[in-house]
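Step one of this worksheet: look at the structure below.
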Amino acid sequence: MTDATLGGPSRAPSREEQAAMAEKSEGGVMLAADGTPLKLSLARSLRRKRLRAFLLVLPLLAFVLLTFIAPIADMLFRSVENQIIPDNMPRTVAALEEWDPAESELPPDAAFEALVLDMVEMEAAKSHTRVGSRLNYEQSGMSGLFRKTGRRADRVEGDYRAGLIAIDEEWGERQTWTTLKNFSGAYTLGYFLSAVDMTYGETGEIVAKPELQQIYMFLFERTLWLSLAITGTTLLLGYPIAYLLANLPMRTSNLLLILVLLPFWTSLLVRTSSWIVILQQQGVLNDTLVALGLIDDQNRLSLIFNQTGTIVAMTHILLPFMILPLYSVMKTIPPSYVRAAKSLGATNWTAFWRVYFPQSIPGIGAGAILVFILSIGYYITPELVGGTSGVFISNRIAYHISSSLNWGLAAALAVILLIAVMGLYWLYDRIVGIDNVKLG
Amino acid sequence: MGDGAGEKPFVVFDRVQKSYDGETLVVKDLNLGIGKGEFLTMLGPSGSGKTTCLMMLAGFETATHGEIRLGEKPINNIPPHRRGIGMVFQNYALFPHMTVAENLAFPLQVRKTPKAEIEAKVRRALDMVQMGAFGGRRPAQLSGGQQQRVAVARALVFDPELVLMDEPLGALDKQLREQMQYEIKHIHDSLGVTVVYVTHDQAEALTMSDRVAVFNDGVIQQLSPPQVLYERPMTSFVAQFIGENNKLAGRVKAIEDGEALVEIDGGGFSRALAVNCGDAGSRTQLSIRPERVTVGESNLPNRAEARVQELIYLGDHIRCRMSVLGYEDFVVKVPNTPGHAHLAAGETTTVAWHTEDCRALDAA
Ligand SMILES: Nc1ncnc2c1ncn2[C@@H]1O[C@H](COP(=O)(O)OP(=O)(O)OP(=O)(O)O)[C@@H](O)[C@H]1O
Ligand SMILES: [Mg+2]
C-alpha cells in the first residue's frame, strides 16, 4: 500500500533518530542513547528483574537450605566423620602412628602407657563409654572392654602392658589394637566398608566380612531388584488405565481420574494394613480360595510378610505415580496420529506400536523414574508387609538411625543409595535421554 | 474429469444418516455420487457435518443408517486400514518421532513393499511435492507449508485411488494457501486420483473443485460445478454462502413461463426467475449479485429508487452500500471505469437489474 491509500504520511525514523537510538562507537560496541554501552544498560535493566525474582524465591530457598540441604549435608558428613577418637584419645592415637600391625604382633610399650593415661582422663570426663560404643560398631566387645578398663585404669602402675592385659586379655590381642589404629583418624572409610560388607583385617588390610555377616550388598541388590519389579508391575497395570483415561470423553475420564487419586485420600497405613487383612494366611483371599476348593486348608498361600507382599502392596500404593504422568502425556497425543496410521494401512496393533507407543515413551520414562525412585527409598510398607524377605535397604537405614544409633553407618548406606540412584539416572539419561521425560 | 453424472460413480453415499448422541442427526439423508478422478469439495459452515462425512468414508465413524460404496462395494464393514484411502489431516498428523522419509515409508512398510521399491517411491513422492532435500528431517524441523507438502505426499505415496483432505490448508497463511491450492490441484490433474476435499473457505472451493457440495445442517444444499454454484444458486442458503448477495424478501404474486412476479416487502415489484419458490401467494427471497446491478438510468425491466449510504473505494471497483426498497444493506459494485457515473453519499439514484439476474428462492 502506498501512503495515499493509508491517508496519512508514512514515517520512517530519520537518520539522526536512528543514530541516537543505538550508536556504533569506534570500538564496535553498541551504545545506548545516553552513551553507555548497550550491553551494560541491558544488564542494568535486567538486574532489577533478577533481584525481584530472587527475593520472591528467597523464603523458600532459606527454608530448603535450613531444613533440607543442611541436615542432609550434615548426615552425609557423618558417614566419614570420626572425630570422637582423636578428640578423646590423643595420646594413644599419636603412639599408634608408628606401629605397623603387619610387622609386629603388638604395639610398643608407649602405646600401652598412652592408652592408660587417655583412659584415666576419659573416665574422669565420663566419655569412655561413648568411645567404647563407637568402637563397638567396628568390633563387638569393645564397649564392654572400655567400660571394664575405664573402671580400673587408674590402678594400673609401672608395667602398663602387663597391667592392661591383666584387666582384660583382649589388650593382648592384635585385632583390638588394629581396630584402634584403623579408627584413630578424624575421618574414616570404616562406615562405607561396613556398608558394602567389608572390614579391616587383623593387619589393617581391607577384607570381606565373614559370609554370615554379609547383609548390605544383598539388601541393596534386593532393593534394586524389587524396585524394578514394582516399576514393571505399575507400568503393566498403569499403561492400559492411562490409555483408557486419555481416550475417554472428558466427563467420564475426570470421574475415573478421581478414582485413581482416591487412594491418596486414605492413610498409607490403612491401605497397607488392608493388604494384610486380604493377603494373610487366614485372610480374605486365602479363605476364598479354600472355600472355592482351589487350594487346601493345609497349603494356604503365603502372600504377605515376604517379597510378594511388598510387591503387591507397593504396586498398589505407587500406581497413581505411574498413571498420572502417563495420562498427562497421552492426553497430548492427538487421536489424528493413530487415525492417520490406520488410514495409511496400519492394523490397530501396528498403529499402536509404531505410532502411539513411541509418543507415549516420555510418559513411561517419567512414570518409571518417579516410581523407581520412590520405591527405592520406601520404608513404611516393606516394614509392615515385607516380613524378613521383603524389607528394603531403607528399613536397615531406619534401624541404624533409631535402634542401633549407628548414624555413621546409616549415613554411609544412604550415600551409597544416593549414588546408586544418581548412577541409574545417568544411565537412563544415556539410554533414553532425560529430556525425553515429560511430566505433563 | 467426470462430472459424476454420466459414468458410474466411484464413491456413493446412499441415504446415509449419522447421529452421535441418538437424538440429533448430524448428517441427514445424504445422497452423493463421486465420479472417478473427480475433485469434489464439501463446503459448508462450521458444524455442518463435513468432517463427519469424511470420517464415515475413511471408516473412523460408522453410518447410523444407509450405505457407503467404494467402487461398487459396500464398505460399511471394512476397517479403515483395509479401505486403501489416503488421507490428509488438518494438523497434518505427521508422526513426530519419524523423519520425513520414514513417514512416507510407513504406508509402504505396512504393506510389506520390498525395500528398494519403498526407497524409489518415497523419493518420487518427495520430488513430486518438491521436498526431495528434506527426507532426513523431522516434521518439527519443517515449516507449516513444508509439513503440508509432506502430508500430501504421504497420503499419495501408496497410490490410493481416493484421497480425502480435511481442511488441509486451514493452518496456512493466505499466500501460502493459494500456492498450495495450485499445487494440490496440479497433483490431482497429473495423477488422476479422486479427491474429496473439505473446506469452509469458499474461494478455495471455487478455484479447486470440479464440483462443490454445499453443506448446511447435515444436508447437501446444492451439488454443482463452481460457476453454476455462483451464478445459479438453488437455495437462499447457497446464494448467501457463496459470494456476495443481495436478498430481498417478498411474496409471489404470479408465476408464468418460469418467471415470477414478486411483491417486495419494502414496497415495489420485481420480476425474477422462479427457481425455488412456491406458487402464487407463497413467500420467497430474491437473490441478486451486487455486480449484476446497474446504477443510473436504464431501460431494464426491474427498477428501484436507491439512496447511497456509503462508498468504499477498492481500486478496480467501488463498493456502494445503498438503501433500496427499505433494505439498508443493498450492495452494488460499480466498476471503476472512465465515464462511469460517480456517486456521492446521500445522493438518490436508480438501480436496475435483468429478470434473469434475479432469482426467486426459498424464503429462509
Ligand atoms: N465425536 C463427536 N461426538 C459428538 N458429536 C460430534 C462429534 N464430532 C462431531 N460432532 C458434532 O457433529 C456436528 C458436525 O460436526 P463436523 O465435525 O462434521 O462439522 P464440520 O462441518 O467438519 O465443521 P468444521 O468446519 O468446524 O470442521 C457438530 O455439531 C459437532 O458438534
Ligand atoms: Mg471439520
Side-chain angles (χ1 to χ4, degrees), chain A residues 1-8 239 243 246-253 325-326 328-366 368 428 431-438 440, chain B residues 20-21 51 54-55 57-61 78-98 102-113 125 138-140 147 150-160 162-168 312-315:
Chain A
M1 271 191 195
T2 62
D3 287 353
T5 57
L6 276 172
Y239 197 94
Y243 180 83
N247 287 290
L248 279 177
M250 206 56 172
R251 277 236 324 264
T252 336
S253 76
L326 274 176
S328 68
V329 167
M330 288 177 177
K331 199 80 199 148
T332 63
I333 304 175
S336 61
Y337 286 126
V338 169
R339 288 186 163 183
K342 286 188 195 166
S343 81
L344 293 170
T347 57
N348 288 344
W349 169 252
T350 314
F352 168 78
W353 182 243
R354 292 210 36 206
V355 174
Y356 193 88
F357 182 78
Q359 293 185 66
S360 69
I361 283 178
I364 297 180
Y428 182 91
I431 298 172
V432 184
I434 215 68
D435 43 351
N436 241 332
V437 167
K438 215 160 73 180
Chain B
Y20 284 106
D21 51 9
T51 300
L54 217 59
M55 288 299 162
L57 187 49
F60 297 117
E61 297 290 350
I78 298 180
H81 67 269
R82 296 235 308 274
R83 295 193 180 189
I85 298 175
M87 188 147 186
V88 181
F89 292 81
Q90 173 161 14
N91 57 2
Y92 317 135
L94 296 176
F95 307 140
H97 57 290
M98 299 183 192
E102 284 164 353
N103 263 283
L104 261 71
F106 183 83
L108 302 170
Q109 282 166 355
V110 301
R111 285 178 170 73
K112 308 248 179 335
T113 313
R138 290 281 164 99
Q147 292 183 29
V150 174
V152 170
R154 190 180 66 175
L156 289 166
V157 72
F158 59 100
D159 303 322
L162 175 62
V163 177
L164 313 181
M165 304 192 185
D166 190 357
E167 305 199 23
I312 298 170
Y313 180 87
L314 285 166

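Keep in mind that this is a model prediction, so the values were computed, not measured. So you know, we letter chains A, B, ... as the sequences are listed, proteins then strands, and number each from 1.
- For the pair A/Ser343 and B/Phe60, the minimum side-chain heavy-atom distance is below 4.5 Å.
- The side-chain heavy atoms of A/Pro334 and B/Phe89, taken from C-beta on, include no pair separated by under 4.5 Å.
- With a threshold of 4.5 angstrom between heavy atoms, B/Leu94 approaches chain A through N, CA, C or O but not through any side-chain atom.
- Put simply, of B/Gly59, B/Pro79, B/Pro107, the one with the most heavy-atom pairs under 4.5 Å next to chain A is B/Pro107.
- Only the side chain of B/Phe158 comes within contact range of chain A, with at least one heavy atom under 4.5 Å from a heavy atom of that chain.
- Interface remark: B/Arg111 contributes side-chain atoms only to the contact with chain A (heavy atom separation under 4.5 Å).
- In this structure, B/His81 contributes its side chain and A/Ala341 its backbone to no donor-acceptor pair below 3.5 Å.
- Side-chain contact between B/Phe95 and A/Leu344 is present, with at least one heavy-atom pair separated by less than 4.5 Å.
- The part of B/Gln109 that comes within reach of chain A is its side chain, from C-beta onward, which places non-hydrogen atoms under 4.5 angstrom from that chain.
- For the atom pair OH (A/Tyr356) and NE2 (B/His97), the distance works out to 12.5 Å, reported to the nearest 0.5 Å.
- Counting heavy-atom pairs under 4.5 Å between each of B/Leu164, B/Ile85, B/Leu108, B/Val157 and chain A puts B/Ile85 at the top.
- Looking at heavy atoms from C-beta onward, B/Pro80 lies out of side-chain contact with A/Arg339 at the 4.5 angstrom threshold.
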